[in-house]
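Just below is one structure, and these are the notes that go with it.
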Amino acid sequence: MKKTKYIKNIFFFAIIFIIILLITISKPLSDLDELWNYNIANNIAKGLVPYRDISMITSPLLSMITAIFLKIIANELIVTRILSAILGTLILYSLYRTMKILKINDNINYLIIIILLMNLKDFFCLDYNWAVALLGIIILNLELKNIQKKEENIEYNNLKYEFFIGVLSGIAICLKQSVGLLIAIASIINNIIFIKNKENIKIICKNILFRILGIGITILILLVLYLQYNTNSLNAFIDYCILGIKNFSNSIPYKILLYDKNIFIKITAILIPLTFIFVSILILYNLFKGKNIKNYFTLLIYSVSLFVIIFPISNNIHFLIGSLISMILLVYLLYKSIRKIIPNKFNKIIKFLVIFCCSFLLLYIQVITIKNYIDTTKEYKIRNNISHYRSIPMTDSIYNAIIEMDNFILSCNKEVYILDSDAALYMIPIDRYHKDYDMFNKGNFGSRGEEGKIEDLKEEKDIIVLIKKDGIARNWQTPEKVIDFVKNNFTKIGEILIFDIYIKE
């Protein structure tokens with residue numbers, strides 16, 4: 001029986017991987033986040049140092065791991081797309097394991113995973129937010145498994161386990177310092193649910209100490225051994241990732257999610273905050289009644305820690321990533337409530353309906369995915385003469401723009417800066433990199449902010465600067481002060497495509 005379930009799981013998640021992979025590799029070249037993340041790993045693979053040589057505002061671990069794959073396999077964007085399909089599949093499998101540990105019916109588990117797949121499939125990419133979400137879910141699963149063992153009266157007080165949780169929490173911080181830190185704090189606070197009496201407080205304190213030790217050692221390896229002694233970039237890390245936060249003014253309010261065209265996002269954006277409130281009240285009520293609150297408390301605390309990803313930029317992708325654990329909390333709450341009110345005689349009917357829905361939806365997703373893949377490969381051309389973009393579909397207009405821009409840049413006898421969010425699109429194929437200018441966004445310049453970039457441009461000599469023409473929309477994160485400085489202090493000498501060409505006299 002177990003072997004049959006094991007084979008069924010392999011088959012199910014193999015299909016999910018293929019679906020995500022086909023969607024991912026067939027995406028036309030256009031996603032700026034994808035290009036920025038690839039470009040960071042690309043430059044690490046070439047030997048540049050994060051923060052000192054590369055503009056980054058998050059912890060470097062994912063980019064460092066990606067760089068290893070780029071060096072071993074091929075330094076091509078397609079490699080990161082394959083890795084993103086693996087990451088997406090691991091996230092969905094980990095969520096399935098979460099529901100399994102919570103003893104939710106297996107058929108319902110499959111249905112929930114399929115519903116999540118339908119809504120997440122177009123957003124999967126190799127990104128630190130997805131990576132830290134995976135770590136958060138893995139840690140949650142270990143916590144829930146620990147609760148399950150103790151409820152089954154299995155004596156379990158393994159300090160190696162506590163240290164391992166700490167290490168994983170430390171790795172989460174090394175993936176994204178802000179959310180990772182909250183996950184680490186959640187892992188420490190979660191120990192309080194095991195306090196029974198004065199006698200076991202010492203044990204709990206020891207567990208907490210070993211978790212803190214695991215967190216500390218992991219961060220110490222990154223900050224001291226790598227950033228300080230190996231690359232001498234610790235000061236730059238502090239400047240970009242900590243002090244530079246004050247210049248990050250980009251934001252999208254949460255209420256925007258309520259107007260999203262995706263019905264699933266609209267509904268869950270309302271339900272999840274309500275779930276937090278209801279579960280908090282439920283925990284307090286059961287606590288006073290002396291009932292078990294461990295699963296709810298653990299789910300809630302990790303849900304909240306991951307939910308922070310949504311802020312300050314509350315767009316659909318940040319919401320979907322940040323609410324992954326919250327959605328499982330919602331499912332668990334509904335499942336526990338519905339089981340109490342549905343008579344057992346309806347179990348067979350419900351099982352049949354769930355299996356039917358699973359089969360239909362999975363088949364539907366497969367058919368749509370294959371159709372879209374075929375249509376995309378027909379509509380967009382794959383050209384293998386552009387370095388780093390081999391096997392990536394792209395429109396004729398983007399292909400021609402890359403060729404024309406790169407020919408222009410290579411023909412110039414001066415350094416060319418593109419002060420636009422699209423800069424990486426053109427610089428990647430010719431292996432050029434200009435730290436803060438190739439991810440030209442507010443909040444990406446460290447503690448000196450836009451004023452610092454203006455001062456740098458004042459000191460530059462023999463440079464050509466490209467900015468988008470007036471009337472052509474720029475990215476919403478564009479540092480307009482720097483753009484205005486160039487317009488007012490540099491001399492316009494011509495145009496190329498959608499850009500005005502400026503030189504410094």
Side-chain angles (χ1 to χ4, degrees), residues 50 58-66 68 87 90-91 94-95 97-98 101 128-150 154-196 200-231 233-234 237-238 241-242 294-295 297-309 324-325:
T58 57
S59 307
L61 186 58
L62 180 64
S63 298
M64 292 166 64
I65 294 170
T66 306
I68 293 170
L87 177 60
L90 287 174
I91 286 170
S94 298
L95 291 172
R97 289 296 306 163
T98 306
I101 295 167
Y128 45 80
N129 285 318
W130 286 112
V132 78
L134 175 62
L135 255 293
I137 298 164
I138 290 172
I139 293 168
L140 169 67
N141 287 352
L142 291 172
E143 298 274 40
L144 292 173
K145 199 72 181 173
N146 189 26
I147 292 169
Q148 187 183 73
K149 286 182 178 181
K150 291 189 176 184
I154 298 174
E155 287 299 324
Y156 192 68
N157 185 32
N158 191 334
L159 293 178
K160 290 180 181 178
Y161 162 85
E162 303 297 337
F163 181 77
F164 182 59
I165 291 286
V167 169
L168 290 179
S169 300
I171 292 172
I173 294 172
C174 294
L175 289 168
K176 186 175 183 181
Q177 69 275 18
S178 56
V179 179
L181 180 61
L182 289 174
I183 289 173
I185 292 171
S187 73
I188 294 168
I189 294 174
N190 195 55
N191 271 278
I192 67 172
I193 61 173
F194 296 113
I195 295 176
K196 296 178 181 177
N200 81 331
I201 288 179
K202 286 185 179 180
I203 295 173
I204 301 301
C205 289
K206 189 183 289 186
N207 291 345
I208 290 173
L209 183 63
F210 269 75
R211 290 195 181 193
I212 292 173
L213 187 64
I215 294 167
I217 289 175
T218 307
I219 296 173
L220 198 66
I221 291 171
L222 176 74
L223 295 183
V224 177
L225 295 185
Y226 177 73
L227 292 179
Q228 183 60 34
Y229 287 106
N230 190 37
T231 63
S233 59
L234 181 59
F237 167 80
I238 294 170
C241 294
I242 300 173
K294 293 184 178 68
N295 281 346
F297 183 84
T298 301
L299 282 165
L300 180 63
I301 197 169
Y302 281 100
S303 293
V304 172
S305 65
L306 190 61
F307 200 69
V308 175
I309 284 177
L324 285 171
I325 297 176

Subject >> Audit row: S94, L134, side-chain contact (heavy atoms from CB on, under 4.5 Å) steps and yes/no >> reply: CA-CA 7 Å; S94 298; L134 175 62; 3.5 Å; yes
Subject >> Evaluation steps, side-chain contact (heavy atoms from CB on, under 4.5 Å), between I185 and S305 >> reply: CA-CA 8 Å; I185 292 171; S305 65; over 6 Å; no
Subject >> I309 and V132: CA distance, side-chain angles, deciding distance, side-chain contact (heavy atoms from CB on, under 4.5 Å) verdict >> reply: CA-CA 10 Å; I309 284 177; V132 78; 3.9 Å; yes
**OP:** Report the C-alpha separation of L222 and L61 in whole Å, then their side-chain angles, then the decisive distance to 0.1 Å, and conclude whether the side-chain contact (heavy atoms from CB on, under 4.5 Å) test is met.
**Re:** CA-CA 8 Å; L222 176 74; L61 186 58; 5.6 Å; no
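Going from atom CD1 of I215 over to atom CZ of F163 covers 10.5 Å, rounded to the nearest 0.5 Å. To the nearest 0.5 Å, atom NZ of residue K206 and atom CD1 of residue I204 are 11.5 Å apart. F237 contributes atom CZ, which lies 9.0 Å from atom OG1 of T58 (distance to the nearest 0.5 angstrom). Rounded to the nearest 0.5 Å, atoms CD1 (I138) and CZ (R97) are 12.0 Å apart. Atoms OH and OG1, on Y128 and T66 in that order, are 12.5 Å from each other to the nearest 0.5 Å. To the nearest 0.5 Å, atoms CD1 (I91) and CG (L324) are separated by 6.5 Å.
Taking the side chain as every heavy atom from C-beta outward, L135 and I183 never approach each other to under 4.5 Å. Using a 4.5 Å cut-off on side-chain heavy atoms (C-beta onward), I193 and I147 make contact. Side-chain atoms of I192 and F297, non-hydrogen and from C-beta on, do get closer than 4.5 Å to each other. Inter-residue side-chain proximity for Y161 and L142 is flagged as met; some heavy-atom pair is nearer than 4.5 Å.
The salt bridge (charged side-chain N to carboxylate O under 4.0 Å, His left out) analysis of residues 209-229, with sequence neighbours excluded, yields the pairs E143-R211, E162-R211. Listed by first and then second residue, the side-chain hydrogen bond (donor to acceptor under 3.5 Å, both in side chains) pairs involving residues 212-230 amount to none (not counting sequence neighbours).
In this view, S63 satisfies the side-chain hydrogen bond (donor to acceptor under 3.5 Å, both in side chains) rule with no residue, not counting sequence neighbours. In this structure, the side-chain hydrogen bond (donor to acceptor under 3.5 Å, both in side chains) partners of T298, at least two apart in sequence or on a different chain, are N190. In terms of the side-chain contact (heavy atoms from CB on, under 4.5 Å) criterion, residue partners of I201 (sequence neighbours excluded) are, by chain and number, I195, C205.
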Distance-only criterion, 3.5 Å: show the donor-acceptor pairs between side-chain atoms of residues 166-177 and protein atoms not counting sequence neighbours.
residue, atom, partner, partner atom, Å
S169, OG, I165, O, 2.9
S169, OG, S187, OG, 3.2
K176, NZ, N129, OD1, 2.8
Q177, OE1, S59, N, 3.0
Q177, OE1, S59, OG, 3.2
Q177, NE2, I57, O, 3.0
Q177, NE2, C241, O, 3.4

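Screening I212, N191, N158 for a side chain to side chain contact (heavy atoms under 4.5 Å, CB included) involving N207 leaves a single residue, N191.
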